[in-house]
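Residues take their numbers from the sequence shown, with the count starting at 1. We count ligands from 1, going down the list as the structure has it; atoms in each ligand are counted the same way.
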Amino acid sequence: MNPVISVLFVFLLVILNTTVLSIRTVSSSDTCDPANQRDPQSLRWDLITVLINGYSEYRIPLLQSIAAAYSASPIVSSVLVLWGNPSTSTEILSQLSRNLSLSSLGTASISLVRQSTRSLNARFIPRSSIRTHAVLICDDDVEIDRESFEFAFRVWQSNSDRLIGTFVRSHDVDLSRREWIYTVHPDKYSIVLTKFMILKNNYLWNYTCGGGATMAETRRIVDEMRNCEDILMNFVVAEETNAGPVMVGAERVRDWGDSRNENGGGGDGGRGLGSRISSVGLSSRRSEHRKRRGNCIKEFHNVLGRMPLRYSYGKVVDSVGEQGLCEKGGKLMFCDH
Ligand SMILES: *[C@@H]1O[C@H](CO)[C@@H](O)[C@H](O)[C@H]1NC(C)=O
Ligand SMILES: *[C@@H]1O[C@H](CO)[C@@H](O)[C@H](O)[C@H]1NC(C)=O
């Protein structure tokens with residue numbers, strides 16, 4: 001080979017190589033690079049971005065109708081479907097992507113994002129495509145009526161540092177065993193589930209990029225347990241606010257994944273565990289679930305060295321009507337009746 005050409009050739013190879021390398025570094029690192037973040041000043045307060053977690057192929061028709069319903073609301077900026085099931089074929093995904101983009105009923109676009117990792121932490125990755133301060137995180141099997149959704153967003157607007165949600169749980173201490181547990185209290189709560197959770201965009205950054213080695217360790221626990229990313233988000237927000245979440249009442253909400261559904265549902269927040277229901281039996285499965293979630297609370301507490309979760313009481317409802325009791329015809333009944 002002519003020496004000039006071969007020198008050029010080597011030179012080209014070097015350039016190509018560095019380009020390839022630099023592309024790889026950019027894509028694999030940095031969700032957390034401040035240069036890749038949207039300027040907070042440019043984010044809107046009057047709209048919300050909806051992130052729907054998709055996993056089950058058999059639930060695609062439901063997912064599509066839920067995404068379409070959100071896209072019809074004037075408060076929605078855009079809808080992103082985060083597809084977390086790595087076994088779904090490219091063919092189905094490209095069909096789904098096309099179907100979703102055609103199914104928008106309003107001005108909000110619907111797009112499909114294939115998650116590049118199995119990690120449950122991926123649902124909280126900050127995204128430059130989010131152009132709003134408010135983000136709704138929800139599952140592909142939870143339907144909520146539009147008025148309740150818009151009401152929840154208004155509640156968030158006046159409590160924008162808090163977590164807002166409709167499905168709540170609690171942490172507590174089991175005094176006899178002296179350990180943290182995951183439970184349900186009739187009158188108080190400290191955890192909002194990601195079946196329907198509204199939060200500030202910035203908390204995605206806090207979860208994924210903030211908190212140094214301590215947060216990295218808690219995210220590792222989520223990966224190891226393959227569970228509890230929602231609980232960890234509650235820890236992150238409670239750390240920031242030193243306050244509990246806000247529960248909003250919903251008029252009509254349908255949780256297709258609730259194991260009390262007669263069709264067997266899906267259960268675990270779209271993790272595709274539905275088929276195991278029949279073999280394990282519901283109640284033992286539920287108590288196993290609680291135990292695992294309690295272990296997460298224990299481990300997060302160990303790593304942090306403190307318990308940031310705070311209780312809240314009551315729920316915010318979409319009405320200021322008084323419901324006093326009056327005596328009518330010798331009976332106590334609501335005065336309005
Ligand atoms: C997309 O829509 C077509 C036409 O309605 C339907 O046949 C197909 O099953 C859909 N595919 C997916 C993955 O949603
Ligand atoms: C969370 O994000 C806010 C705003 O960027 C920052 O001020 C705060 O220090 C972060 N917290 C953590 C624990 O990273």
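- Proximity to N202 (heavy-atom distance under 4.0 Å) selects the following atoms of ligand 2: 1 (C), 2 (O), 3 (C), 4 (C), 5 (O).
- Remark: side-chain polar atoms of R44 are not paired, donor with acceptor, to backbone N or O of T132 under 3.5 angstrom.
- Polar contact check, W205 against ligand 2: no nitrogen or oxygen pair lies under 3.5 Å apart.
- Applying the side chain to side chain contact (heavy atoms under 4.5 Å, CB included) test between Y207 and each of V222, L199, T218 identifies V222 as the sole match.
- Only the side chain of E240 comes within 4.0 Å of ligand 2, counting heavy atoms alone; its backbone N, CA, C and O stay farther away.
- Scanning for side-chain contact (heavy atoms from CB on, under 4.5 Å) contacts around N206 gives N202, Y203, V236, E240, with sequence neighbours left out.
- In summary, the atoms of ligand 2 found under 4.0 Å from a heavy atom of G211, numbered by their order in the structure, are 14 (O).
- A distance-only check finds a donor-acceptor pair linking the side chain of D145 to the backbone of S148 [under 3.5 Å].
- Inter-residue side-chain proximity for W156 and H133 is flagged as met; some heavy-atom pair is nearer than 4.5 Å.
- A search for ring pair (Phe, Tyr, Trp, His ring centres under 6.0 Å) contacts involving W180 returns H171, H301, not counting sequence neighbours.
- A side-chain donor-acceptor contact under 3.5 Å links R114 to the backbone of T88.
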Output block, N or O contacts of ligand 1, threshold 3.5 Å exclusive:
{"residue": "ligand 1", "atom": "2 (O)", "partner": "N99", "partner atom": "OD1", "Å": "3.1"}
{"residue": "ligand 1", "atom": "2 (O)", "partner": "N99", "partner atom": "ND2", "Å": "2.3"}
{"residue": "ligand 1", "atom": "11 (N)", "partner": "Q95", "partner atom": "OE1", "Å": "2.7"}
{"residue": "ligand 1", "atom": "11 (N)", "partner": "N99", "partner atom": "ND2", "Å": "3.0"}
{"residue": "ligand 1", "atom": "14 (O)", "partner": "N99", "partner atom": "ND2", "Å": "2.9"}

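- When hydrophobic side chains of Ile, Leu, Val, Met, Phe, Trp and Tyr are connected at separations under 4.5 Å, L102 ends up as a singleton with no cluster partners.
- Close approach of ligand 2 to N206 is summarised as follows: ligand atoms under 4.0 Å from at least one heavy atom of the residue are 1 (C), 2 (O), 3 (C), 8 (C), 10 (C), 11 (N), 12 (C), 14 (O).
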